[in-house]
Novice: 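The following block contains the structure, expressed as structure tokens.
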Amino acid sequence: MKNILITGGAGFIGSHLVRRMVNRYPEYHIVNLDKLTYAGNLENLRDIEEASNYSFIKADICDAAAIHQVFEEHKINSVIHLAAESHVDRSIADPLAFVTTNVLGTAVLLNAAKHFWKDFQDVLFYHVSTDEVYGSLGEEGFFTEETAYDPRSPYSASKAGSDHLVRAWHHTYGMPVVISNCSNNYGSFQFPEKLLPLFISNIVNNKSLPVYGKGENIRDWLWVEDHCQAIDLIFHEAKPGSTYNIGGWNEWKNIDLIRLLCQIMDRKLGRTPGQSEGLITYIKDRPGHDLRYAIDAHKLENELGWKPSITFEEGLEKTVDWYLNNPEWVNRVTSGAYQQYYHQQYIERVQKP
Ligand code: NAD
Ligand code: DAU
């Protein structure tokens, strides 16, 4: 019997992962633990919230007492850890929040796991991490699992710190752990502060599209459900102590991606070709802006047979359609205390006060 604690399950990637695990593995018990920050939203999981193999707990991963209680009550024997502060711009404005949740919170989880998993049999601590820990590439080359860490923003430094802690618990105490480092995800339920959902929403509302610097930075984009498929595979197949990079071999210069998005939006909204591009505004660059990320995903492909299931063109169309069909979701998650309001509704509907 697997009792899996998924942290950050109300966020963007976490909600896709929780849905996948609840639906695919009715024999597992999935415990979603989330603090419901501005980025966490239980409405993302409306379709599975009453499943008999699913529980939700509102808690902070830094709260050791709450975490111990969850391990004890639910007999947790696996952790898939996604809870984090995840937005680079916010990390520049408020780095301590990132150190607290990403570094301290990860240590609290590791310590609880070590406390409850006495002999480390049939247990796993899986940390979902980012390619940003490797730093910034020039025009050539790819990040492999052997690339030296060189994080450069408070966000990536805090994620690198949490990766190091996970490996330390493996080497020092023998805890079975796995880490994956993934490139930029896109898809439904992504909070509209990240590039794609922000720009989709701004185009709909005829607001300007703030491109940092000259728009020449390069990111490697992967559909969120393909990331979750990779996590599922790695969770079940990877050797303890291993690391996998996850990416879609799909590099885009920001400005080229933004122009493509503008063309799709003009078509979908019935606007004159070129109308959305007129909203592009070049603004001051993000401080310390990493030039290029690109993942070498050979290890995951060769060892575990993973490949992205859809092309970028298909994924982008699906994503744009989702945001166009769910404007009220965007309005709700960006309007203040909605997370707490929806949590209260959820308690009344599902958990009963
Ligand atoms: P997100 O910001 O959408 O969601 C983060 C979730 O964590 C939210 O539900 C939030 O409420 C929760 N959370 C934050 N602080 C918490 C705390 N102290 N205690 C409990 N819950 C807390 O993030 P995301 O984009 O879904 O990313 C999820 C994970 O994947 C992160 O660890 C991130 O570093 C990693 N990652 C993201 C990407 C990407 O492109 N988005 C790529 C690679 C790796
Ligand atoms: O590489 C994985 C990482 O990808 C994850 O670990 C992070 O959690 C995730 O947020 C993402 O980080 P980025 O900084 O790459 O994502 P963001 O969507 O913020 O920005 C993508 C690119 O677009 C980046 O080069 C900055 C640029 N940008 C972003 C915004 C929000 C703009 O030019 N204008 C904007 O308004």
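We count ligands from 1, going down the list as the structure has it; atoms in each ligand are counted the same way. Keep in mind that the numbers below use all heavy atoms, side chains included, and drop hydrogens, waters and symmetry copies.
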Novice: Which of these, Asn102, Thr101, Thr100, sits in a side-chain hydrogen bond (donor to acceptor under 3.5 Å, both in side chains) with Ser158?
Specialist: Asn102
Novice: So is Asn41 polar-close to ligand 1, meaning N/O to N/O under 3.5 Å?
Specialist: no
Novice: Give the minimum heavy-atom separation between Ser78 and Lys2, together with the two atoms involved.
Specialist: OG-CD, 4.3 Å
Novice: Using a strict cut-off of less than 4.0 Å between a Lys/Arg side-chain nitrogen and an Asp/Glu carboxylate oxygen, indicate whether Glu277 and Arg259 qualify as a salt bridge.
Specialist: yes
Novice: Can Glu193 and Arg90 be counted as an ion pair, charged N to O under 4.0 angstrom?
Specialist: yes
Novice: Which ligand 1 atoms, with their elements, are less than 4.0 angstrom from a heavy-atom of Asp60?
Specialist: 17 (C), 18 (N), 19 (N)
Novice: Between Phe12 and Phe191, does the ring centroid distance fall short of 6.0 Å?
Specialist: no
Novice: Check the side chains of Tyr338 and Arg332 for a donor-acceptor pair under 3.5 angstrom, ignoring hydrogens and angles.
Specialist: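 Yes, because at least one side-chain N or O of Arg332 sits under 3.5 Å from a partner of the opposite role on Tyr338.
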Novice: Nearest protein heavy-atom contact for atom 23 (O) of ligand 1: which residue, which atom, what distance?
Specialist: Ser86 OG, 3.2 Å
Novice: Give the residue and atom name of whichever protein heavy atom lies nearest to atom 9 (O) of ligand 1, and the separation in Å to one decimal.
Specialist: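 Atom 9 (O) of ligand 1 sits closest to the protein heavy atom Asp34 OD2, 2.5 Å.
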Novice: Of all the heavy-atom pairs spanning Asn250 and Trp252, show the shortest one and how long it is.
Specialist: OD1-NE1, 2.9 Å
Novice: Just jot down the ligand 1 atoms closer than 4.0 angstrom to any heavy atom of Gly40, in number order.
Specialist: 8 (C), 9 (O), 11 (O)
Novice: List ligand 1 atoms under 4.0 Å from Ala59, heavy atoms only on the residue side.
Specialist: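 This gives 19 (N), 20 (C) as the contact atoms.
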Novice: Identify the two heavy atoms, one from Leu82 and one from Leu17, that lie closest to each other, and give their separation to 0.1 Å.
Specialist: CD1-CD2, 3.8 Å
Novice: Using a 4.0 Å heavy-atom cut-off, which part of Asn185 comes near ligand 1: side chain, backbone, both, or neither?
Specialist: both
Novice: Distance to 0.1 Å, residue and atom name: give those for the protein heavy atom nearest to atom 15 (N) of ligand 1.
Specialist: Thr101 CG2, 3.5 Å
Novice: For Val128, state whether at least one heavy atom is located under 4.0 Å from any atom of ligand 1.
Specialist: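 The answer is yes, since Val128 has a heavy atom less than 4.0 Å from ligand 1.
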Novice: Give the atom numbers and elements of ligand 1 that come within less than 4.0 Å of a heavy atom of Leu82.
Specialist: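 Every atom of ligand 1 under 4.0 Å from some heavy atom of Leu82: 28 (C), 29 (C), 31 (C), 32 (O).
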Novice: Considering non-hydrogen atoms of the protein only, which is the closest contact for atom 42 (C) of ligand 1, and what is the distance?
Specialist: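 Of the protein heavy atoms, Ser183 O, 3.3 Å lies nearest.
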Novice: Among all protein heavy atoms in this structure, tell me which lies nearest to atom 3 (O) of ligand 1, with the distance rounded to 0.1 Å.
Specialist: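 Closest protein heavy atom to atom 3 (O) of ligand 1: Phe12 N, 3.1 Å.
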Novice: How would you list all residue pairs meeting side-chain hydrogen bond (donor to acceptor under 3.5 Å, both in side chains) that involve residues 48-59, not counting sequence neighbours?
Specialist: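 Of all non-adjacent pairs touching residues 48-59, those that pass side-chain hydrogen bond (donor to acceptor under 3.5 Å, both in side chains) are His29-Ser55, Asn32-Tyr54, Arg46-Glu49, Glu49-Arg349.
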Novice: Ignoring angles and geometry beyond distance, decide whether Cys62 reaches within less than 3.5 Å of ligand 1 through its nitrogen or oxygen atoms.
Specialist: no
Novice: Which ligand 1 atoms, with their elements, are less than 4.0 angstrom from a heavy-atom of Cys182?
Specialist: 42 (C), 43 (C)
Novice: Out of Gly8, Ala39, Ala84, whose heavy atom is nearest to atom 14 (C) of ligand 1?
Specialist: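 Residue with the shortest heavy-atom distance to the ligand atom: Ala84.
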Novice: Passes ring pair (Phe, Tyr, Trp, His ring centres under 6.0 Å), His236 versus Tyr25? Steps please.
Specialist: CA-CA 12 Å; His236 286 100; Tyr25 304 106; 4.9 Å; yes
Novice: Looking only at protein heavy atoms, which one is nearest to atom 21 (N) of ligand 1, and what is the separation?
Specialist: Lys35 N, 3.1 Å
Novice: N/O to N/O below 3.5 Å, does that happen between Tyr38 and ligand 1?
Specialist: no
Novice: Exactly which residues line ligand 2, taking a heavy atom under 4.0 Å from it as the test?
Specialist: Ser86, His87, Val88, Thr130, Asp131, Glu132, Tyr155, Cys182, Ser183, Asn184, Glu193, Lys194, Leu195, Leu198, Phe199, Pro210, Val211, Tyr212, Asn217, Arg219, Asn254, Arg286, His289, Tyr293
Novice: Do Asp163 and Ser129 have side-chain N/O donor and acceptor atoms under 3.5 Å apart?
Specialist: yes
Novice: Which ILVMFWY residues can you reach from Phe142 by hopping between side chains whose heavy atoms are under 4.5 Å apart?
Specialist: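 Phe142 shares its hydrophobic cluster with Trp249.
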Novice: Just jot down the ligand 1 atoms closer than 4.0 angstrom to any heavy atom of Thr37, in number order.
Specialist: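 Counting from 1, the qualifying ligand atoms are 10 (C), 11 (O), 14 (C), 15 (N).
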Novice: Please work out whether any backbone atom (N, CA, C, O) or any side-chain heavy atom from C-beta onward of Leu36 is under 4.0 Å from ligand 1, and answer side chain, backbone, both or neither.
Specialist: backbone
Novice: Indicate if Phe125 and Ile6 have the same hydrophobic cluster label, given that clusters are the connected sets of ILVMFWY residues with side-chain heavy-atom separations under 4.5 angstrom.
Specialist: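 They do not share one cluster, since no chain of ILVMFWY contacts under 4.5 Å joins Phe125 to Ile6.
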Novice: Numbering the atoms of ligand 1 from 1, which are under 4.0 Å from a heavy atom of Ser129?
Specialist: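 In order of numbering, the contacting atoms are 43 (C), 44 (C).
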Novice: If you look only at pairs with a residue in residues 264-274, which of them pass as a salt bridge (charged side-chain N to carboxylate O under 4.0 Å, His left out), with sequence neighbours excluded?
Specialist: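 Counting only pairs at least two positions apart or across chains, the salt bridge (charged side-chain N to carboxylate O under 4.0 Å, His left out) contacts touching residues 264-274 are Arg267-Glu317, Lys268-Glu317, Lys268-Asp321.
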Novice: Please test Trp306 against Tyr244 for ring pair (Phe, Tyr, Trp, His ring centres under 6.0 Å), starting from the C-alpha separation and ending with a verdict.
Specialist: CA-CA 11 Å; Trp306 177 84; Tyr244 287 90; over 10 Å; no
Novice: Polar contacts were defined as any N/O atom of the residue lying under 3.5 Å from an N/O atom of the ligand; does this apply to Gly11 and ligand 1?
Specialist: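 It does: an N or O of Gly11 is found under 3.5 Å from an N or O of ligand 1.
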Novice: Step through it carefully: locate the ring centre of Phe312, locate the ring centre of Tyr186, and say whether they are under 6.0 Å apart.
Specialist: yes
Novice: What atoms of ligand 1 come within less than 4.0 Å of a heavy atom belonging to Lys159?
Specialist: 31 (C), 32 (O), 33 (C), 34 (O)
Novice: Using heavy atoms and a threshold below 4.0 Å, how should the contact between Tyr155 and ligand 1 be classified: side chain, backbone, both, or neither?
Specialist: side chain
Novice: Just to confirm my output: which protein heavy-atom neighbour is closest to atom 41 (N) of ligand 1, and how far is it?
Specialist: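 Sorting protein heavy atoms by distance from atom 41 (N) of ligand 1 puts Ile13 CD1, 3.7 Å first.
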Novice: What residue and heavy atom of the protein are closest to atom 19 (N) of ligand 1, and at what distance?
Specialist: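 The closest heavy atom on the protein side is Ile61 N, 3.0 Å.
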Novice: Is a donor from one side chain sitting under 3.5 angstrom from an acceptor on the other, for Asn185 and His227?
Specialist: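 Distance-only check passes for Asn185 and His227.
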Novice: Please determine whether any non-hydrogen atom of Gly105 lies less than 4.0 Å from an atom of ligand 1.
Specialist: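 Checking ligand 1 against Gly105, which is what was asked, there is no heavy-atom contact under 4.0 Å.
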